[in-house]
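Here's the structure we're looking at; comments come further down.
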2 protein chains.
Amino acid sequence: MLTIGKLGTQAGVKVPTIRYYEQIGLLPEAERSAGNQRLYGRRALERLAFIRHARDLGFSLGAIRDLLSLSDDPDQPCAAADAIARTQLAEIESRIARLTALKVELQRMLVQCAHGTIADCRVIEVLGDHSLCSTDHRHAESEAAP
Amino acid sequence: MLTIGKLGTQAGVKVPTIRYYEQIGLLPEAERSAGNQRLYGRRALERLAFIRHARDLGFSLGAIRDLLSLSDDPDQPCAAADAIARTQLAEIESRIARLTALKVELQRMLVQCAHGTIADCRVIEVLGDHSLCSTDHRHAESEAAP
DNA sequence: CTTGAAGCTATGGTCGCTAGAGAGATTAGG
DNA sequence: CCTAATCTCTCTAGCGACCATAGCTTCAAG
């Protein structure tokens with residue numbers, strides 16, 4: 001049996017995150033030791049690894065919840081899991097496209113920077129006046145910093 | 001003079017967002033009409049457009065705060081603004097790289113999905129066992145869904 | 001002068017955690 | 001066996017960057 005710390009280490013998930021997952025119902029309530037500490041077995045480790053991996057792949061916790069409920073019920077058709085992954089793929093592709101547009105814009109700003117004073121800094125100027133952008137694209141809808 | 005609604009429309013920013021920006025000190029406190037409504041002039045519009053544009057380009061509000069304080073001081077050298085933009089560019093490039101890795105992984109998962117039942121669905125299986133991933137890369141650090 | 005849209009403040013919710021306080025449990029070394 | 005160090009426990013609060021709602025007041029058009 002693993003304590004929460006060992007579990008976290010093995011799955012690559014921080015301890016408070018595990019407790020958070022339990023709190024929101026992604027992980028079942030753990031067994032407890034005599035001294036009230038959580039104890040986990042192989043099943044919990046696998047489930048947590050699943051969650052961790054899916055998070056790494058960009059799935060939301062909501063999508064992961066869906067995937068887990070599918071895998072808890074393994075005789076259902078696979079189409080649902082496939083659809084979730086497909087949606088996720090489309091989302092990632094669109095994010096890549098938006099980020100690439102932003103990258104081009106930023107590069108253009110930087111190339112034009114003459115390293116003088118703020119007064120004639122292209123970075124500030126371009127940010128202040130959208131019409132100075134290279135293309136007439138509207139920038140992405142809120143591809144905000146993380 | 002513009003009311004907050006007109007300002008929001010012209011700058012492409014929602015009304016509660018403008019009030020939020022004022023609250024966190026990104027916009028100065030607005031003048032008020034006799035009936036206590038906010039009134040804005042050209043300066044405020046320009047400042048808000050600057051913020052909006054920088055947000056579109058993925059700058060955090062913290063970075064925008066720095067850029068704004070630079071632009072309030074136009075005789076300084078431009079290097080600081082350049083550095084902020086350069087950091088932003090690096091961040092975006094790293095996110096693109098991570099997302100591209102995730103995309104490849106998801107595509108691989110989908111190709112392998114046998115469209116049978118969950119029992120032999122690769123989507124679930126791959127998510128449950130990282131070692132089944134095509135390459136041995138660790139996935140990105142938390143490139144979470146939006 | 002009335003009505004409906006737009007404004008006001010204040011509070012609370014979202015997502016996916018992360019941090020901290022203060023107390024109790026467990027383990028390793030002496 | 002005792003102590004010290006390291007977990008672990010619960011609970012609350014906070015992050016960024018907003019959005020939504022409630023219950024008001026103000027304003028502009030007809």
Side-chain angles (χ1 to χ4, degrees), chain A residues 1-27 29-40 44 48 50-68 88 91 95 139-146, chain B residues 1-27 29-40 44 48 51-66 68 88 91 95 139-146:
Chain A
M1 283 302 213
L2 300 166
T3 62
I4 196 170
K6 309 279 184 191
L7 179 73
T9 306
Q10 293 204 18
V13 176
K14 287 179 186 155
V15 167
T17 304
I18 298 172
R19 288 196 278 248
Y20 169 71
Y21 287 163
E22 178 181 313
Q23 191 193 316
I24 64 169
L26 264 191
L27 292 175
E29 292 193 18
E31 279 182 68
R32 297 299 181 118
S33 74
N36 197 35
Q37 301 195 348
R38 288 174 182 82
L39 292 177
Y40 299 92
L48 186 54
F50 182 102
I51 295 170
R52 162 75 207 270
H53 197 173
R55 286 293 298 138
D56 279 349
L57 287 170
F59 291 89
S60 72
L61 292 184
I64 291 170
R65 200 188 296 272
D66 292 348
L67 286 169
L68 281 170
Q88 201 59 29
E91 174 64 30
R95 293 220 273 156
H139 299 303
E141 294 296 307
S142 74
E143 181 63 48
Chain B
M1 284 303 217
L2 300 166
T3 62
I4 197 169
K6 309 280 184 192
L7 179 71
T9 305
Q10 294 204 19
V13 176
K14 288 181 185 153
V15 167
T17 303
I18 298 172
R19 289 197 279 247
Y20 169 71
Y21 287 163
E22 179 181 314
Q23 190 194 317
I24 63 168
L26 212 51
L27 292 175
E29 292 192 18
E31 280 182 69
R32 299 295 182 123
S33 72
N36 197 35
Q37 301 195 347
R38 289 174 181 81
L39 290 177
Y40 298 92
L48 186 54
I51 295 171
R52 164 73 207 270
H53 196 178
R55 286 294 297 137
D56 280 349
L57 287 169
F59 290 87
S60 71
L61 292 185
I64 291 170
R65 201 188 295 272
D66 292 347
L68 281 169
Q88 185 61 27
E91 174 65 24
R95 293 168 77 195
H139 300 304
E141 295 295 306
S142 76
E143 180 63 51

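Each chain gets a letter, A, B and so on, in the order the sequences are listed, and its residues count up from 1.
For the pair Leu48(B) CG and dA17(D) C1', the computed distance is 14 Å after rounding to whole Å. Put simply, CD1 on Ile64(A) is 12 Å from C1' on dC15(C), counting in whole angstrom units. One atom, CG of Leu27(B), and another, C1' of dC18(D), lie 14 Å apart when rounded to the nearest Å. Between the P atom of dT9(C) and the CD1 atom of Ile4(B) lies a distance of 9 Å, rounded to the nearest Å. Put simply, CD on Glu31(B) is 16 Å from P on dG7(C), counting in whole angstrom units.
Separating the OG atom in Ser60(B) from the CZ atom in Arg55(B) is a distance of 7.5 Å, to the nearest 0.5 Å.
Judged purely by atom type and a 3.5 angstrom limit, Arg52(A) uses its side chain to pair as donor or acceptor with the backbone of Gly12(A). In this structure, Thr17(B) contributes its side chain and Val13(B) its backbone to no donor-acceptor pair below 3.5 Å.
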Between the protein and nucleotides 25-30 of chain D, which nitrogen or oxygen pairs come in under 3.5 angstrom?
unit_1: dC27(D); atom_1: OP1; unit_2: Gly35(B); atom_2: N; d: 3.1

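For Glu22(A), the salt bridge (charged side-chain N to carboxylate O under 4.0 Å, His left out) partners at least two apart in sequence or on another chain are Arg38(A).
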**OP:** For Tyr40(A) and Ile18(A), run side-chain contact (heavy atoms from CB on, under 4.5 Å): C-alpha distance rounded to whole Å, both residues' side-chain angles, the deciding distance at 0.1 Å, then the answer.
**Re:** CA-CA 11 Å; Tyr40(A) 299 92; Ile18(A) 298 172; 3.7 Å; yes

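The stretch residues 16-26 of chain A comes close to DNA chain C through Thr17(A), Tyr20(A), Tyr21(A), each having a heavy atom under 4.0 Å from the strand.
Among the nucleotides dC18(D), dT8(D), dG16(C), the one closest to any side-chain atom of Arg55(B) is dC18(D).
Arg32(B) places none of its side-chain heavy atoms less than 4.5 Å from the side chain of Leu39(B). Counting heavy atoms from C-beta outward, Leu61(B) and Tyr21(B) have side chains that approach closer than 4.5 Å. Contact check for Arg19(B) versus Val15(B): side-chain heavy atoms found under the 4.5 Å cut-off.
Within the structure, every side-chain polar atom (N or O) of Arg38(B) is placed at least 4.0 Å from both OP1 and OP2 of dG7(C). Residue Arg32(B) places at least one side-chain N or O under 4.0 Å from the OP1 or OP2 atom of dT9(C). Checking the phosphate oxygens (OP1, OP2) of dC17(C), no side-chain nitrogen or oxygen of Lys14(A) falls inside 4.0 Å.
With DNA chain C read from its 5' end, the first of the two nearest nucleotides for Gly5(B) and Leu61(A) is the one closest to Gly5(B).
Closest heavy-atom contact between Leu67(A) and Phe50(A): CB-CZ, 3.9 Å.
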